[in-house]
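As the structure is a computational prediction, the values presented were derived from the model and not from experiment. The analysis underlying the following values was restricted to heavy atoms, covering all of them including side chains, and did not include hydrogens, waters or symmetry mates. In what follows, chains are A, B, ... by sequence order, proteins preceding strands, each numbered from 1.
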Amino acid sequence: MSILFEILYWIFVFMLTAALLFCAIYTLVLFSDLMIDHINPVELCDKVNFLIYPEFFVHVFLTLTLLAKGHWLIALLNLPLIAYNINRYRRKKHLLDNTRVFSIVGREQRICEVKMGFFLLTFFVYLYCFVMTMIRLESETEIPEKLMQ
Amino acid sequence: MSYRQSNQPVDSNQASNQNFNNFARYVAPNAKVASNVQASTGSENKLDPRFSQGHVPSPTFSSSTEGSTPTRVTRDSMGVRNYVTAPPTNSGAASPMWRGPSPEAVTAPNQPNWSFSKGNYPRFATQGMPDESSTFHNAAAQQAVPPDLSRLSLHSAQYPGPTLPSRNVVPNSPFESLASETQRHYPPEARQSPVTRPGLIPRPAMPHTNYPSTAQSGVSLASDTQQLPRPDLSPFGVARRIKEGDISENYLASLQNASNMRNQSGSQNLAKSAEATLNASMNSFLPVACSEQVFKPVLPCFMRLSVGMFPNAPSFRSKFPFPVGAVVQPLAEPPTSEDTVPVVNFGKAGIIRCRRCRAYINYLSMFVDGGRKFRCNFCGFLSDVPSEYYCPLDNSGRRLDANERPELTCGSVDFVAPSEYMVRPPMPPTYLFVIDVSSAAVSCGALNGFVSSIRQSLDFLLGDDRTRVGIITFDSTIHFYGLKSSSDNPSGKLDPIMAVVSDVDDVFLPIPHGCLVKLCECRESLEILLDRLESMFTTTKDSGGAVGSAVSAAYLLLQTCGGRLILMTSSKPTRGVGALSKSALEGGERNSPGIVGTDKERQYLEPDNTFYKKTAVNMSRAQISCDIILCTSTHSELATLTPLAKYTGGEILYLPKFELSKDYVVLIRSLRRMVSRETAWEGVMRIRCTRSVKCHGFLGRFFMRSTDLLTLPNTDSDKTYGVEFVLEDNDIRTEAFAAQCAVLYTASGGERRVRIHTVAIPVTRNMADLFGFAEVGAMTNLILRTCADAVLNKNFETVRKELTDSLVQGLVRYQQGGSQMQSQYSAATSLSNQLALPEPLRLLPLYIQGILKSPLLCREASVAASMLLDDKSFLHSLVDIFSIPLSSAFVYPNIVPLFPLDEETNANSQVGLISSSGPLSVQLPEGLRASAAHVLHSHRVVLIDEGVNLWIWFGSSVKPSFVQELVMETNEEIASEHNGAGASISPQYLARAFRCAPKPGYTSSASRARALIASILSCRLPWTPIRVVFQGDPLEARILSLMVEDRTVNQPSYTEFLSSIQRQVQSRLTNS
């Protein structure tokens, strides 16, 4: 039961992280589309702004579940991004402004790349944790001798 | 204005004559220009006001006409002139840096004409200067001479005493590495002496141990303030500054020169310096498609770049800390009628464009393959010439018809666009007036003003019989009016129908037709409505406030056809959509006068909600532009409404403390101008540049639809845009940098057109050229725009520091890189009290200080106290449309005395300004420098032109005769009001008296003052207020803050600022 739960939990974590990663990549693609005039700034901002709240909440939720499961060190790793997002919200800079997009697009793109790197990093950290948990659980679990043969 | 006379055989006499002609056109543009040398030399003493002022160019400038000054100039065997009587020591005994008026120069009657174009300003004389200036007019002679020889001979003449150390010897100094670095960065021609690279920059330091210290370079900070760099304060200089802003001669030369390399003899006027440089560095240049005599470059009023030579590589560009960009005013009013932009119709051929980069054909396009193809000067691609446009080439490779075709001869052209350039039929000019009829508007008289201004401007609406108009009024509900056409209702029942929508949260159109009608058909009905509007609402108790809903209603009405929405309001948005948040409504800190100039101000300059921004973006898509006329007596949250105009290319007119009597004239004139000036409808603008250069950071009123496409639902002759150029990863491989601004628009007559401005300047690898050909007017404008933009996102102190830093860094670069000599010697020999400035940018420190002291970046309590948040917001919105004359006046005001005028000095200053409505020649007195000690004398009346305001300062002991004259000559209406008001004269009353039209045949000083004001106003935005301040008035703090050169509580005086800059430059130089 516990192994099954662990496996399911980590798969869930992987999916959420993949979703976050997808958001970041999608935003990056949108930005590069903008630079080659495939979409106009109004569309871009609609699409990007649509993703901002879900992304934030998914990330917070993920962190909370990690905290609840007692992986507080990993949760701590996620804290800077949450703090950054909250700070942006507080300064009312969290939504892209379609009238100023072209003057901030370079910076936003870089932020997005950093975010993507961050999610990728956490993805591997989660993977490592998952493997470690599996190893630990495996050693803890007493597997009947019969099965070993 | 063309800088070149056509059909004139060019020899040296003619060249100087042309040069004079250029000057004469500034002086009296309509005057017939004399075409022989006698005439020009005979009249010049009378014409040049600088003679009387003592700003005479140094003697070494003289000599363009052969043998005209035999006592000063001799010719050596190599054909190079030596200046036998001008040893360096005599030039600066009293004033080390400036060439003072030399007696010979003043008395010499045939002072050659060169001084007019090159000697406008006293220059920073350096040791490099004399030989440099001499090469200006010796360029032709020098071409025949090996550069080294000429240099040596000049030097021996120039410095007869000690011998120069050989340039090839690098001294063993700790700065050797620096010097060698310079050598790496600068190509050989840059490393040559200043003599062979003439006309660029005063070389800051020669080994001055060999020379008397009086001949030192730079600004001597210890000496009196008389010597500091200032704009030309002669009547001519002031007039030109008011009309055109600051402009560098070298820049004009560079413009000419980028394209006329074929004709060596033809470019002897302004272009001499640039040409000599270019000859030294490159032989082949992009030639113009037409012959040089008919070539007309873009006028500086349309498009001006901030540099006259373009950096060739990104790494090189990054070393130049000032903006490299352009200020574009695509629909500017040309200064004279002969400069109107020609219209070209290609007919069946369609508009000729490069197939790859879509650039339009222009005077730099090269025709090849017998005329069947042309090479794009932006991307180098070969495109086919349509058979309708084909024309064979002559043996020099030019099209035979090139001189007759405006697109190949002029920098500015209008193309008639065929139907491929339309997504729908060209829209008719459409005006929708949205008028506030709430009690706030009625009580302050604004409604009366709105209605009568509309009534008076109906005759001026653009578009003849295609014009469509509509009226919506609003208070706490929205009122629509259905107008009736006279032809449909012959019986005469033309009363308009009124429909009221009280659901302000969800507005709909109650009357499907008749709200927007053709003016010519429904004129009577409209006038009935206007007549009734006032009486309908005189007793209204409605508090109003449905501004946002009224805007959405107007959007609904206009969204299918586009047009112009003129929002006239005097209340805050309090109801319906777009209502202000509670905190904004209560005001709180927003109303307090102390908020301006603090870092808190920033958050209140942001719009309170995003409704107006969203609406603006939607409007921009529907080709609607929104003008805001805000007449108010209280704080009205202009910052929240601003996005409506900012992103739709509209106009903002803010009349604070509105009183009908005070602002009536302004309101009427402004509205009339707003609806009648040249307007481009449903436009888009794009700027194309030479390959590997991109436009970045557009500033102005527009919405950006893609990386380089500006949407301009409406743009007009008063709108200016700023843009910066960014070099991408590659170097520029062509020899000329070209930028083409193209505006596709619908003219008011219903024709779709493309307006093209093409500018080309040479590309350089040389830091000295960047400084030497910089254009200070455009640069100041761009810096001002960037600062105004930055201060909305950053702290005051950060922006101020960045600005000062960029100046310091620029000067450090200049000293390091300007010349090898400088970098070798400057640090070794202590230049303790001097600051070396590049000649074209010598005013930049003054202007940067002006920006720092302007209300935009200033934190002085005295300034802040006289400004409310709305004023600040309005100022920010004005910076977006600042043209160069406005920004020049804004950073350093033009100050002229109005009374008393010295009759004698005026008699010979026949310098005129030309107003846009027709020539209005006024006598302009000498300008005054912006320093209270020089301006604010109690017996004076002084006019201070700040660009956005005209201030008139009355000293306390002005002779009463002046005021009497002023009052006597006003028209009866104002005069009677004055009598009724009693004996005391209010500033507002005087301001109105000044605004009265001057009577013909003016002689009194009052009417002369009035004429002067009228002519300055004609160069300014239509609502520029005249503000009269009496000595001792609390508003005097603003006047004092305009005195840029003076010390204020927190900020240093000009001298102190320069010396602090100089200290920083020195410390960086020694540290590096």
**OP:** Please report the C-alpha distance between A:V42 and B:R621 in whole Å, then the side-chain angles of each, then the deciding distance to 0.1 Å, and finally whether the side chain to side chain contact (heavy atoms under 4.5 Å, CB included) criterion is met.
**Re:** CA-CA 10 Å; A:V42 181; B:R621 272 181 173 175; 3.5 Å; yes

Subject >> Whether over 12 other heavy atoms sit under 6.0 Å from B:R424 CZ >> reply: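 Yes, because the 6.0 Å sphere around CZ of B:R424 holds more than 12 heavy atoms from other groups.
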
Original post:
Just wondering, more than 12 heavy atoms not from A:F14 lying within 6.0 Å of its CZ?
Top reply: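 Yes - once you tally the heavy atoms of other residues, nucleotides and ligands closer than 6.0 Å, there are more than 12.
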
**OP:** Please report the shortest heavy-atom distance between A:M35 and B:T707, naming the atom on each side.
**Re:**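 So the minimum-distance heavy-atom pair works out to O-CG2, 3.6 Å.
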
Subject >> Shortest non-hydrogen contact from A:P41 toward B:S706 >> reply: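 Between these two residues, the closest heavy atoms are CD-N, 4.5 Å.
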
Original post:
In residues 788-795 of chain B, which residues are in contact with chain A at a heavy-atom separation under 4.5 Å?
Top reply: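 Residues of residues 788-795 of chain B touching chain A at under 4.5 Å: B:D789, B:N793.
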
Original post:
Do any of residues 100-127 of chain A come closer than 4.5 Å to chain B, heavy atom to heavy atom, and if so which ones, in number order?
Top reply: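 Those residues of residues 100-127 of chain A which have a heavy atom under 4.5 Å from chain B are A:R100, A:F102.
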
**OP:** Considering only heavy atoms, give the residues of residues 52-88 of chain A separated from chain B by less than 4.5 Å, sorted numerically, with 'none' for an empty result.
**Re:**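 Residues in range: none.
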
Subject >> OG1-CG distance between B:T610 and A:L95, expressed to the nearest 0.5 angstrom >> reply: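 Result: 8.5 Å between the selected atoms.
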
Subject >> Qualifying ring pair (Phe, Tyr, Trp, His ring centres under 6.0 Å) pairs, either residue in residues 25-51 of chain A, two or more places apart >> reply: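 Residue pairs passing ring pair (Phe, Tyr, Trp, His ring centres under 6.0 Å), neighbours aside: A:F22-A:Y26.
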
Original post:
Can you check whether B:F703 reaches A:N40 side chain to side chain, under 4.5 Å on heavy atoms?
Top reply: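 No, their side chains stay 4.5 Å or more apart.
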
Original post:
Does some side-chain heavy atom of A:T99 sit less than 4.5 Å from a side-chain heavy atom of B:K613?
Top reply: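 Side-chain contact under 4.5 Å: yes.
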
